[in-house]
Student: 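Below is a structure I'd like to ask you about.
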Amino acid sequence: MTGGHILEMITRLRNNEMIRGRVNFRQMRKTYLNALETEELQSVPLSEAQILIIRDRIKTERKRQQKRAFFIFVLSVLATGIFISTIIFLLSFYL
């Protein structure tokens with residue numbers, strides 16, 4: 001029967017609710033550690049060259065994200081300025 005699948009689904013929903021809701025740190029940590037115990041992570045030692053390549057990729061990605069965030073910030077400031085100046089311009093005709 002499907003009782004095992006339903007029980008697993010109920011358990012996952014309960015764990016997700018515990019993580020999202022207002023739960024104290026101990027309960028959240030326990031849930032997280034229990035989830036880690038169910039799946040074993042396999043790690044492979046990396047060479048220095050691989051570590052440097054990964055570090056460079058992370059740096060370039062971080063720079064790209066910072067440039068994008070700055071661009072969005074500048075656009076939002078400009079859009080806000082244009083919106084406010086348009087409102088002031090339109091109000092000057094009515095007053």
Side-chain angles (χ1 to χ4, degrees):
M1 285 254 133
T2 61
H5 297 289
I6 293 173
L7 183 61
E8 182 180 350
M9 181 179 60
I10 291 170
T11 304
R12 286 183 185 207
L13 287 173
R14 185 186 68 228
N15 290 341
N16 289 341
E17 282 296 321
M18 286 176 53
I19 290 172
R20 278 188 302 199
R22 293 183 179 246
V23 179
N24 65 17
F25 177 73
R26 288 182 186 168
Q27 287 177 340
M28 189 171 14
R29 183 173 182 263
K30 181 181 176 185
T31 304
Y32 179 73
L33 291 176
N34 286 340
L36 281 181
E37 289 176 0
T38 58
E39 297 179 12
E40 293 184 17
L41 299 176
Q42 297 177 357
S43 63
V44 178
L46 300 174
S47 68
E48 272 304 309
Q50 291 173 330
I51 292 174
L52 290 176
I53 291 171
I54 292 171
R55 190 174 292 155
D56 287 340
R57 285 183 187 169
I58 290 172
K59 284 181 182 179
T60 55
E61 182 65 28
R62 189 182 321 134
K63 285 181 184 178
R64 186 179 305 133
Q65 288 176 352
Q66 287 176 346
K67 286 179 183 178
R68 184 171 186 232
F70 181 73
F71 181 71
I72 291 172
F73 173 73
V74 168
L75 280 180
S76 64
V77 168
L78 288 174
T80 303
I82 291 170
F83 179 74
I84 290 174
S85 63
T86 304
I87 296 293
I88 292 172
F89 180 73
L90 291 176
L91 286 177
S92 66
F93 287 120
Y94 292 113
L95 296 178

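Computed from a predicted structure; not experimentally measured.
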Student: Rounded to the nearest 0.5 Å, what separation is found between the CD1 atom of Ile58 and the CD1 atom of Ile53?
Tutor: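 Answer rounded to 0.5 Å: 12.0 Å.
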Student: Under the rule for salt bridge (Lys or Arg N to Asp or Glu O under 4.0 Å), what residues qualify as partners of Glu48, not counting sequence neighbours?
Tutor: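 Partners of Glu48 under the salt bridge (Lys or Arg N to Asp or Glu O under 4.0 Å) test: none.
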Student: Kindly write out the residues that satisfy ring pair (Phe, Tyr, Trp, His ring centres under 6.0 Å) with Phe73, not counting sequence neighbours, or none if the list is empty.
Tutor: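 Applying ring pair (Phe, Tyr, Trp, His ring centres under 6.0 Å) to Phe73 gives none.
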Student: According to salt bridge (Lys or Arg N to Asp or Glu O under 4.0 Å), who are the partners of Arg55, at least two apart in sequence or on a separate chain?
Tutor: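 Expected list: none.
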Student: Report the distance from atom CG of Leu52 to atom CZ of Arg57, rounding to the nearest 0.5 Å.
Tutor: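 It is 12.0 Å, given to the nearest 0.5 Å.
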Student: Got a sec, which residues hit side-chain contact (heavy atoms from CB on, under 4.5 Å) with Ser47, two or more places apart in sequence or on another chain?
Tutor: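 Testing Ser47 for side-chain contact (heavy atoms from CB on, under 4.5 Å), a comparison that skips the adjacent residues, returns Ala49, Gln50.
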Student: Restricting to pairs with a member in residues 64-78, which pass salt bridge (Lys or Arg N to Asp or Glu O under 4.0 Å), not counting sequence neighbours?
Tutor: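 Salt bridge (Lys or Arg N to Asp or Glu O under 4.0 Å) check on residues 64-78 returns Glu61-Arg64.
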Student: Let me check something: do Ile54 and Ile51 share a hydrophobic cluster, defined by ILVMFWY side-chain heavy atoms less than 4.5 Å apart, either directly or through other members?
Tutor: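 They do share one cluster, since a chain of ILVMFWY contacts under 4.5 Å joins Ile54 to Ile51.
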Student: Please tabulate, for the side chains in residues 78-85, all donor-acceptor contacts under 3.5 angstrom to protein atoms that are two or more places apart in sequence or on a different chain.
Tutor:
| from | atom 1 | to | atom 2 | distance (Å) |
| --- | --- | --- | --- | --- |
| Thr80 | OG1 | Ser76 | O | 2.7 |
| Ser85 | OG | Gly81 | O | 3.1 |
| Ser85 | OG | Ile82 | O | 2.9 |

